[in-house]
Amino acid sequence: PTGGNDTESAGARLLGALAEVHYLDAGLQCRGAHLTDPAVAAALGKRSAPPRVALHGTPRQWRDQSRPWLAGGKGRRAALLR
């Protein structure tokens, strides 16, 4: 490290190393499993080679009325990452 905030540097290095991000059934039991921070999404999008992001789930999961955050969150995440 060259000084400064080591945690931020480690986070920046991690984001810089990502080639792909796959969410597989993420958020099924609780909210908060997906990227929702616009600043992080913007930083990923500014990379010369932004990572590919894939949201995996089944139609049953996306339409589950007992977990409405799945479908709503999926749409917001997709829009944020575009």
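Contact between Arg67 and Asp64 at its shortest, heavy atoms only, is NH2-OD2, 2.7 Å. Pro51 and Glu20 get closest at one heavy-atom pair: CB-N, 4.1 Å. Of all the heavy atoms in Pro50 and Gly45, the pair that sits closest is CG-O, 3.8 Å.
Other residues, nucleotides and ligands contribute at most 12 non-hydrogen atoms within 6.0 Å of the CZ atom of Arg63.
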